[in-house]
Amino acid sequence: MKTKFYIVSGMSGAGKSQALKIFEDFGYICVDNMPLQMTGDFIDICKKNPEKYKNVAMSIDARAGKCLDSFPDVLEILKNKNVDYRIIFFNSDEDVLIKRYSETRRKHPLGNSVAEGISLERKILNKLFGMADEVIDTSNMTIGELKDRISKLTGTTARKENLNISVISFGYKYGVPCDADIIFDVRFITNPNYVHGLKFKTGRDKAVKDYIKKQKEFSSFFNIFSKLIENTLPGYIKEGKSYLTIAIGCTGGRHRSVFTAEELAAFLRKKKYKVHINHRDILRGR
């Protein structure tokens, strides 16, 4: 099995770090700013374990300093070791880079000002820029567009497997999860908490499940709700989202939300999505 090896470089602020995250989402082993003199040893490690290191992305940038002078020697090593590599350079307009630094309030790693740092960095990376197999200008790109570009470049399709879904049940009386992307309220379902014998059970217990399932409004609701979620997920994948949190709440987070979250997780797993479930408040109020 031959290793797919990408060398990622480019201007600070042009999306290089974000690109590495995207490679990682696509299942690549990513190494950020590895010393160039260690490249040969790293390739040997990859060849000894081709299953684990079948897809690799390594970033090289101005932080390497004087070591960049030896970059042609690194490429020669890769050729001698029969590594099929491609160099991707991420670039952006100067005014865009300055704006991004202004928004993040970060100091440019080179120079006394951002503009001076950008100028120095371009000179340092000029030779590497000339060696690039692909130059990606991110000046007007969204994260979704960047992910799509890398997907096409590497022949990696953005799939269901790239989206990690967390389904959380919670109780409104304890607060809404701050990391939720989608929040749905199931307090319209008759509360098992006030039914004899169900108060101290949870939405995982058969008696509670049967009680909720018997409510005619639940079946029609869940059919619409699950289809709504299913129909929106491809859009999240297309937009480059890697993690999605769906929070389902009821009053105490022990009965209705737990059962609905379990049903949704099972539904999505049948559709071949990766789903992690967390019942945040299931042990409260006992």
Below 4.0 angstrom, N of the basic side chain to O of the carboxylate: do Glu76 and Lys81 qualify? no
Heavy-atom donor-acceptor pair, Gln18 side chain to Ile143 backbone, under 3.5 Å: no
Can you tell me how far apart NZ (Lys173) and SG (Cys250) are? Round to the nearest 0.5 Å. 9.5 Å
Decide side-chain contact (heavy atoms from CB on, under 4.5 Å) for Ile212 and Val208; before the verdict, give the C-alpha distance in whole Å, the side-chain angles of both, and the deciding distance to 0.1 Å. CA-CA 6 Å; Ile212 296 175; Val208 174; 4.0 Å; yes
If we only count heavy atoms from C-beta on, is the Leu264 to Thr260 side-chain gap below 4.5 Å? no
Is the side chain of Thr138 donor-acceptor paired with the backbone N or O of Ala14 at a distance under 3.5 Å, no angle test? yes
Cluster overlap Ile168 with Ile183, hydrophobic side-chain contacts below 4.5 Å: no
Val195 and side chain to side chain contact (heavy atoms under 4.5 Å, CB included): which single residue from Asn193, Asn191, Leu198 fits? Leu198
Let me see the working for Ile87 and Leu75 under side-chain contact (heavy atoms from CB on, under 4.5 Å), right down to the final yes or no. CA-CA 10 Å; Ile87 303 171; Leu75 299 185; 4.2 Å; yes
Phe225 and Phe184 aromatic ring geometry - parallel, tilted or perpendicular at 30°/60° bounds: tilted
Looking at side-chain heavy atoms only, is the closest gap between Ile43 and Ile77 below 4.5 Å? no
Closest heavy-atom pair, Met141 versus Ile136, reported as atoms and distance to 0.1 Å, is CE-CG2, 3.8 Å
Heavy-atom count around Tyr243 OH within 6.0 Å, excluding the residue itself: above 12? no
According to a hydrophobic-cluster definition based on side-chain heavy atoms being under 4.5 Å apart (Ile, Leu, Val, Met, Phe, Trp, Tyr only), do Phe267 and Leu228 belong together? no
Closest non-hydrogen atom pair between Arg100 and Ser92, with its separation: NH1-OG, 3.7 Å
Count the heavy atoms belonging to other residues, nucleotides or ligands that lie under 6.0 Å from CE of Met38, then report whether that count exceeds 12. no
Could you state whether Ile124 and Leu128 fall into the same hydrophobic cluster, counting links through intermediate Ile, Leu, Val, Met, Phe, Trp or Tyr residues with side-chain heavy atoms under 4.5 angstrom apart? yes
Would the distance check show the side chain of Asp205 and the main-chain N or O of Thr202 forming a donor-acceptor pair, the cut-off being under 3.5 Å? yes
Taking the side chain as every heavy atom from C-beta outward, state whether Glu94 and Met11 have any atom pair closer than 4.5 Å. no
Locate the shortest heavy-atom distance separating Pro234 from Tyr273; write the atom from each residue and the value. CD-OH, 4.1 Å
Show the numbers, then the answer: is there a side-chain contact (heavy atoms from CB on, under 4.5 Å) between Phe89 and Val8? CA-CA 6 Å; Phe89 192 96; Val8 177; over 6 Å; no
Donor-acceptor pair, distance only, cut-off 3.5 Å: does the side chain of Asp148 make one with the backbone of Gly144? no
Please tell me whether Asn33 and Ser59 have a donor and an acceptor in their side chains that are separated by less than 3.5 angstrom. no
Can you classify the ring geometry of Phe259 versus Phe218 as parallel (below 30°), tilted (30 to 60°) or perpendicular (above 60°)? tilted
Does a sphere of radius 6.0 Å around CZ in Phe129 hold more than 12 heavy atoms from other residues, nucleotides or ligands, not counting ones at 6.0 Å or beyond? no
Between Tyr6 and Phe23, what is the ring plane arrangement, given parallel below 30°, perpendicular above 60°, and tilted in between? tilted
CG/Asp25 to CD1/Ile237 distance, rounded to the nearest 0.5 angstrom? 11.5 Å
Pair Glu121-Ser12, side-chain donor/acceptor within less than 3.5 Å: yes
If we count only N and O atoms by modelled type, under 3.5 Å, do the side chains of Thr251 and Arg256 hold a donor and an acceptor together? yes
CG/Leu244 to NZ/Lys274 distance, rounded to the nearest 0.5 angstrom? 13.0 Å
I'd like to know if the side chain of Ser219 reaches the main chain of Lys216, judged simply by a donor and an acceptor atom lying under 3.5 Å from each other, with no hydrogens or angles considered. no
Can you confirm whether Lys201 sits close enough to Arg254 that some side-chain heavy atom of one is under 4.5 Å from a side-chain heavy atom of the other? no
Closest contact, heavy atoms only, Ala261 versus Ile248: CA-CD1, 3.8 Å
Indicate the atoms forming the closest heavy-atom contact of Gly15 with Leu146, along with that distance. O-CD2, 4.3 Å
Answer with yes or no whether the hydrophobic clustering places Phe71 together with Phe42; edges join I, L, V, M, F, W, Y residues whose side-chain heavy atoms lie under 4.5 Å apart. yes
How far apart are the closest heavy atoms of Gly253 and Val258, and which atoms are they? O-CG2, 3.5 Å
Compare all side-chain heavy atoms of Leu233 with those of Lys271 and state whether any distance is below 4.5 angstrom. no
Check step by step if side-chain contact (heavy atoms from CB on, under 4.5 Å) holds for His279 and Ile277. CA-CA 7 Å; His279 299 304; Ile277 193 163; 3.7 Å; yes
Hey, which of Tyr28, Tyr85, Tyr53 is the one that makes side chain to side chain contact (heavy atoms under 4.5 Å, CB included) with Phe5? Tyr85
OG/Ser9 to CD1/Ile88 distance, rounded to the nearest 0.5 angstrom? 11.0 Å
Between the side chain of Ser70 and the main-chain N/O of Asp73, is any donor-acceptor distance below 3.5 Å? no
In Å, rounded to the nearest 0.5 Å, how long is the span from CD of Glu230 to CG of Leu268? 8.0 Å
Would you compute the distance between atom NE2 of His276 and atom CD1 of Ile165 and round it to the nearest 0.5 angstrom? 12.5 Å
Are any non-hydrogen side-chain atoms of Arg187 and Tyr172 less than 4.5 angstrom apart? yes
Under a plain distance cut-off of 3.5 Å, with no hydrogens placed, do Asn55 and Lys4 share a side-chain donor-acceptor pair? no
Before you tell me yes or no, could you show the steps for Asp44 and Lys48 under salt bridge (Lys or Arg N to Asp or Glu O under 4.0 Å), namely the whole-Å CA-CA distance, both residues' side-chain angles and the distance that decides it to 0.1 Å? CA-CA 6 Å; Asp44 291 337; Lys48 287 178 182 177; over 6 Å; no
Please tell me whether Ile246 and Val176 are part of a single hydrophobic cluster in this structure, the criterion being side-chain heavy atoms less than 4.5 Å apart. no
State, without any angle test, whether Ser166 and Thr245 hold a side-chain donor-acceptor pair at a distance under 3.5 Å. no
Check: Asp93 side chain, Asp95 main-chain N or O, donor-acceptor pair, under 3.5 Å: no
Between His255 and Lys209 (side chain of the first, backbone of the second, donor and acceptor by atom type, cut-off under 3.5 Å), is there such a pair? no
Count the heavy atoms belonging to other residues, nucleotides or ligands that lie under 6.0 Å from CG of Asn140, then report whether that count exceeds 12. no
Would you confirm whether Arg86, through its side chain, and Ile7, through its main-chain N or O, come within 3.5 Å as a donor-acceptor pair? no
For the residue pair Ile182 and Ile229, establish whether any side-chain heavy-atom pair is separated by less than 4.5 Å. yes
Could you tell me if the side chain of Ile60 sits less than 4.5 Å from the side chain of Leu36, heavy atoms only? yes
